[in-house]
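I have a structure here, written as structure tokens, and I will follow up with some questions on it.
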Amino acid sequence: MKKVWRWILSILLLFVIGIGAIAGWAYYGMQPVASSDQAVQIEIKSGTGSATIADKLQQEGLIKSSFLFKGYLKVKSQGSHFQAGVYQFKPGVTYQEIIAKLNAGEVVEKEMIRFTIPEGFTVAQIGVKLAQEGFVDQKSFKELVKTGKGFTGNLVQAIPNSSNLMYTLEGYLFPETYEMKKGSTDQEIIERMLAETQKRLDSIVDLDAKLKQQNLTLNEMMTLASLIEREVVVDSERSKVAGVIYNRLAKDMKLEIDATVQYLLEKPKERLYNSDLRRTDSPYNTYLYAGLPPGPIAAPSMKSIEAALAPESSDYLFYVTKKDGSGEHLFAKTYKEHLNNIEKSKAMAK
């Protein structure tokens with residue numbers, strides 16, 4: 001009988017020792033790994049299960065045992081709310097700290113790029129600027145804005161499919177300051193600017209009704225707005241210049257806007273001569289062809305878009321820039337008045 005009890009006691013002792021060893025192993029295995037200031041990044045993709053996450057944590061040296069971490073999650077009813085993203089942990093974090101971060105979605109903030117597109121820039125100018133800043137490949141960017149291939153949405157669909165367009169997306173990349181993820185592709189950058197244009201147009205109350213009232217398509221309105229953008233410096237004159245353009249269109253007069261000729265030149269000139277105005281044969285040249293150009297010649301601001309939709313009513317048919325540095329214009333109803341204004345303008349420069 002004594003032998004039986006000894007055997008039983010031996011078994012119990014071994015059992016207790018075994019339980020203690022297991023508990024000790026579990027306790028040790030659940031303790032944080034050795035601390036380090038060298039942070040470790042791990043990416044949790046959408047749909048990744050907690051078991052796979054545990055394995056990844058062990059592989060990256062952030063926990064000692066994925067088996068114990070999985071058991072801990074099960075006992076604590078955790079792991080079902082972990083969020084996808086890129087996380088950064090320093091070795092030495094506890095289970096609780098890891099779980100809290102994964103639950104809260106405290107992901108690493110992605111490095112961002114920031115760039116500004118000035119009002120009145122052409123897509124060529126935008127491409128040069130972004131290439132100089134290291135955000136796009138100029139050749140690739142130019143090809144994308146020229147063809148418009150790969151871009152969808154109502155805005156792009158409103159652009160006519162015309163071989164006369166120099167750049168399909170000209171005028172539709174909104175002038176604004178942007179923040180995007182570092183490494184964004186040329187296409188993603190263009191899509192972001194197109195989306196901003198759509199957003200701004202959507203903010204205009206009764207846009208369709210206003211277009212119908214002016215008997216304009218969206219592309220014609222954006223074209224008109226781009227002319228205003230390149231012609232006007234003083235905000236108070238935007239609607240007035242818009243009115244002049246409407247008046248000339250109504251009378252089937254050539255618009256004769258210098259900015260449309262400048263658009264055709266490889267390098268803009270400080271001063272255009274008659275030879276420049278007449279020799280550049282293109283549907284964009286409003287000295288040779290009546291009506292609006294085939295498309296915008298620059299990225300218009302909201303002020304110019306609003307002016308295109310609400311022109312100031314007048315009998316003016318002409319305007320000339322004052323040569324006094326103010327950027328303002330002299331307006332005229334007749335060609336004779338216009339010639340007088342040209343002389344007045346010249347006198348201001350003396």
Side-chain angles (χ1 to χ4, degrees), residues 36-48 53 56-57 60 62 81-93 97-156 167-204 222 229 296 298-305:
S36 171
D37 289 330
Q38 187 66 43
V40 176
Q41 274 195 3
I42 65 169
E43 182 179 4
I44 307 299
K45 294 183 178 179
S46 181
T48 303
I53 294 172
K56 186 179 286 286
L57 289 169
E60 296 297 334
L62 292 168
H81 299 293
F82 289 170
Q83 300 184 44
V86 177
Y87 291 84
Q88 189 166 280
F89 298 97
K90 286 185 178 180
V93 289
E97 289 171 327
I98 293 172
I99 292 168
K101 204 166 193 176
L102 293 173
N103 278 334
E106 293 179 17
V107 296
V108 176
E109 289 189 11
K110 291 187 179 291
E111 198 172 346
M112 305 295 285
I113 59 172
R114 183 183 178 91
F115 58 87
T116 298
I117 305 303
E119 296 171 347
F121 257 37
T122 64
V123 288
Q125 289 174 310
I126 293 171
V128 169
K129 184 177 189 295
L130 292 180
Q132 288 174 343
E133 294 171 358
F135 301 143
V136 303
D137 175 81
Q138 189 176 341
K139 185 177 179 181
S140 167
F141 185 92
K142 185 176 181 179
E143 182 65 20
L144 287 170
V145 296
K146 185 175 182 63
T147 65
K149 289 182 179 178
F151 300 98
T152 58
N154 295 334
L155 188 64
V156 176
Y167 294 96
T168 299
L169 301 184
E170 185 73 82
Y172 291 91
L173 307 185
F174 198 81
E176 179 61 282
T177 296
Y178 295 89
E179 279 194 358
M180 296 187 66
K181 295 175 185 176
K182 186 177 181 180
S184 295
T185 65
D186 295 359
Q187 178 147 348
E188 288 170 339
I189 288 173
I190 293 170
E191 285 174 345
R192 174 67 185 85
M193 289 190 277
L194 286 171
E196 186 65 25
T197 301
Q198 184 68 70
K199 174 185 171 183
R200 298 305 184 99
L201 292 174
D202 288 343
S203 71
I204 300 173
M222 293 295 285
E229 188 64 45
S301 62
M302 281 302 293
K303 291 172 290 189
S304 291
I305 290 172

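In what follows, residues are counted from 1 in the order of the sequence shown.
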Please lay out, stage by stage, how I126 and F141 fare under the test side-chain contact (heavy atoms from CB on, under 4.5 Å). CA-CA 9 Å; I126 293 171; F141 185 92; 3.7 Å; yes

Would a distance-only check, ignoring hydrogens and angles, find a side-chain to backbone donor-acceptor pair under 3.5 Å from T168 to V145?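 Side chain of T168 to backbone of V145, a donor-acceptor pair under 3.5 Å: no, none is there.
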
Side chain proximity check, L194 to L173, heavy atoms < 4.5 angstrom: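 Of all side-chain heavy-atom pairs linking L173 with L194, at least one is under 4.5 Å.
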
Q.
Working note: N103 + F82, criterion side-chain contact (heavy atoms from CB on, under 4.5 Å); need CA distance, chi angles, decisive distance, verdict.
A. CA-CA 5 Å; N103 278 334; F82 289 170; 3.3 Å; yes

Exercise for the section: Locate the shortest heavy-atom distance separating L62 from K90; write the atom from each residue and the value. Expected result: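 Minimum heavy-atom contact is CD2-C, 4.3 Å.
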
**Item:** Contacts of F151 that satisfy ring pair (Phe, Tyr, Trp, His ring centres under 6.0 Å) - sequence neighbours left out
**Value:**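 F151 satisfies ring pair (Phe, Tyr, Trp, His ring centres under 6.0 Å) with no residue once adjacent residues are dropped.
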
Less than 4.5 Å apart, any side-chain heavy atom of F121 and any of P175?
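No, their side chains stay 4.5 Å or more apart.
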
>> With a 4.5 Å cut-off on side-chain heavy atoms, are V40 and Y87 touching?
In response: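 In short, these two side chains do not touch, never coming nearer than 4.5 Å.
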
>> Contact between L169 and M193 at the side-chain level, heavy atoms closer than 4.5 Å - yes or no?
In response: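 No, every pair of side-chain atoms sits at 4.5 Å or beyond.
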
What are the two closest non-hydrogen atoms of M302 and S203, and how far apart are they?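 Shortest heavy-atom contact: CE-OG, 4.3 Å.
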
Please report the shortest heavy-atom distance between A84 and V107, naming the atom on each side.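 Minimum heavy-atom contact is O-CG1, 3.8 Å.
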
Exercise for the section: Please examine the side chains of S301 and E229, heavy atoms only from C-beta on, and report whether any two atoms are closer than 4.5 Å. Expected result: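 Of all side-chain heavy-atom pairs linking S301 with E229, at least one is under 4.5 Å.
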
Would you please name every residue forming a side-chain hydrogen bond (donor to acceptor under 3.5 Å, both in side chains) with T147, sequence neighbours left out?
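Scan of T147 (side-chain hydrogen bond (donor to acceptor under 3.5 Å, both in side chains), adjacent residues dropped) gives none.
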
Heavy-atom pair of closest approach, residues F135 and I189: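 Looks like O-CD1, 3.6 Å.
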
Worksheet item: Does E179 CD have over 12 foreign heavy atoms under 6.0 Å away?
Response: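 Result for CD/E179: enclosed.
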
* Take F89 and L102 through the test side-chain contact (heavy atoms from CB on, under 4.5 Å) and record every step on the way to the result. => CA-CA 11 Å; F89 298 97; L102 293 173; 4.2 Å; yes

### Inter-residue atom distance I113.CD1 - M180.CE, 0.5 Å rounding
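With rounding to 0.5 Å, CD1 (I113) is 6.5 Å from CE (M180).
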
Assess whether side-chain contact (heavy atoms from CB on, under 4.5 Å) is satisfied between Q83 and I44, documenting all intermediate values.
CA-CA 8 Å; Q83 300 184 44; I44 307 299; over 6 Å; no

Practice problem: Please assess E196 against R192 for the test salt bridge (Lys or Arg N to Asp or Glu O under 4.0 Å), listing each intermediate value before the final yes or no. | Solution: CA-CA 6 Å; E196 186 65 25; R192 174 67 185 85; 3.1 Å; yes

Next item on the list: Any chance you could measure L57, atom CG, to I42, atom CD1, to the nearest 0.5 Å?
Entry: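 That separation rounds to 4.5 Å.
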
Using the side chain to side chain contact (heavy atoms under 4.5 Å, CB included) criterion, which residues pair with T185? Sequence neighbours excluded.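 Only Q187, E188 meet the side chain to side chain contact (heavy atoms under 4.5 Å, CB included) criterion with T185.
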
Q. Could K129 and E133 be called an ion pair, given the rule that one side-chain N must be under 4.0 Å from one carboxylate O?
A.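 E133 and K129: salt-bridged.
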
Kindly indicate, with the supporting measurements, whether the criterion side-chain hydrogen bond (donor to acceptor under 3.5 Å, both in side chains) is fulfilled by E170 and T122. CA-CA 7 Å; E170 185 73 82; T122 64; 4.9 Å; no

Between the side chain of T197 and the main-chain N/O of Y172, is any donor-acceptor distance below 3.5 Å?
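Checked: pair present.
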
Open item on the list: Are I204 and I305 packed together at the side-chain level, in the sense that at least one heavy-atom pair is separated by less than 4.5 angstrom?
Closed with: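 Side chain of I204 against side chain of I305, heavy atoms only: contact under 4.5 Å found.
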
Problem - Heavy-atom closest pair, residues S184 and K181 - result: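 Closest approach of S184 to K181, heavy atoms only: OG-O, 2.6 Å.
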
Would you find a donor on one side and an acceptor on the other, under 3.5 Å apart, between the side chain of Q138 and the backbone of G127?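 Answer holds: no.
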
Item to check | Beyond-backbone contact of M222 with L201, side-chain heavy atoms, under 4.5 angstrom | outcome: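 When only atoms from C-beta onward are counted, L201 and M222 do touch, with a gap below 4.5 Å.
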
Check your understanding: Nearest heavy-atom pair of P300 and F174: which atoms, and what distance?
Key ->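 Nearest heavy atoms, P300 then F174: O-CE1, 4.0 Å.
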
